[in-house]
Amino acid sequence: MIQLHILSGKKAGATISISRLPFQVGRAATNGLVLDDPGVWDQHFEIEWPSADALILHSNKKAVTVVNGGTVKESALHEGDLIEAGGVKLRFGFEPVRQKSLLPRELLTWIALGALSLGQIALIYQLLR
């Protein structure tokens with residue numbers, strides 16, 4: 001999942017997880033992330049995934065959106081990009097991947113190896129009798 005870490009503004013310190021795209025950010029209550037800080041428009045920018053190659057930020061034509069220090073109307077987003085919308089700074093990133101436990105699979109493998117070893121010992125015993 002995608003995350004936006006809010007670095008400054010009224011919601012500083014919050015982390016927003018994004019599970020559905022397109023995702024809108026702005027003042028309007030219909031946005032996925034509502035920011036009522038100075039300089040933020042009703043729909044300030046939108047993040048979408050138009051192709052498998054990149055996530056794209058589309059800025060409102062009238063709003064000023066800054067990505068990594070440069071004003072943009074459209075920009076591909078990468079891990080760690082700094083987005084500024086009005087008086088708010090956000091860090092774009094991805095959630096850490098959680099590895100599933102391999103314990104059941106590992107236990108099953110050891111049990112199978114033990115059973116195979118016991119089977120071989122039993123076979124050798126039968127052959128030597």
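None of the values given here were measured: they were computed from a predicted structure.
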How long is the span from the CD atom in Glu48 to the CD atom in Gln24, to the nearest 0.5 Å? 9.5 Å
Atom CG in Leu57, atom CD in Glu74: separation rounded to 0.5 Å? 9.0 Å
What one should report as the nearest heavy-atom pair of Trp49 and Ala54 is CD1-O, 3.3 Å
Residue pair Leu33 / Ile6, side-chain heavy-atom distance below 4.5 Å: yes
Compare all side-chain heavy atoms of Phe23 with those of Ile16 and state whether any distance is below 4.5 angstrom. yes
Could you walk me through whether Leu123 and Gln120 pass the side chain to side chain contact (heavy atoms under 4.5 Å, CB included) check? CA-CA 5 Å; Leu123 181 61; Gln120 287 180 343; 5.5 Å; no
For the side chain of Trp110 and the backbone of Ala112, is there at least one donor-acceptor N/O pair under 3.5 Å apart? no
Same cluster or not: are Leu4 and Val88 linked, directly or through other Ile, Leu, Val, Met, Phe, Trp or Tyr residues, by side-chain heavy atoms under 4.5 angstrom apart? yes
Heavy-atom side-chain proximity of Leu55 to Phe94 below 4.5 angstrom: yes
Between Lys11 and Val34, is there a donor-acceptor pair closer than 3.5 Å when you use the side chain of the first and the backbone of the second? yes
Closer than 3.5 angstrom, by distance alone: can the side chain of Arg27 be matched with the main-chain N or O of Asp37 as a donor-acceptor pair? yes
Any donor-acceptor pair under 3.5 Å from Asn68 side chain to Leu82 backbone: yes
Would Ile2 and Leu77 count as a side chain to side chain contact (heavy atoms under 4.5 Å, CB included) if you check the C-alpha gap in whole Å, the side-chain angles of each, and the deciding distance to 0.1 Å? CA-CA 11 Å; Ile2 301 165; Leu77 292 174; over 6 Å; no
Just by distance, do the side chain of Lys10 and the backbone of Asp36 share a donor-acceptor pair under 3.5 Å? yes
No-hydrogen, no-angle side-chain donor-acceptor test under 3.5 Å, Glu95 and Ser17: yes
One should read off an interatomic distance between Ile83 CD1 and Leu7 CG, to the nearest 0.5 angstrom, of 10.0 Å
With a 4.5 Å cut-off on side-chain heavy atoms, are Leu108 and Arg105 touching? no
Which atom of Ser59 lies closest to which atom of Phe45, heavy atoms considered: CA-CB, 4.0 Å
To check you understand the geometry: which heavy-atom pair defines the closest contact between Val67 and Val72, and what is its length? CG2-CG2, 3.6 Å
Where do Lys61 and Lys73 come nearest, in terms of heavy atoms and distance? O-NZ, 2.9 Å
Are Asn60 and His44 close enough, and set up right, to give a side chain to side chain contact (heavy atoms under 4.5 Å, CB included), and what steps lead you there? CA-CA 5 Å; Asn60 182 330; His44 202 95; 5.7 Å; no
To the closest 0.5 Å, what do you measure between CD1 (Ile18) and CZ (Phe92)? 7.0 Å
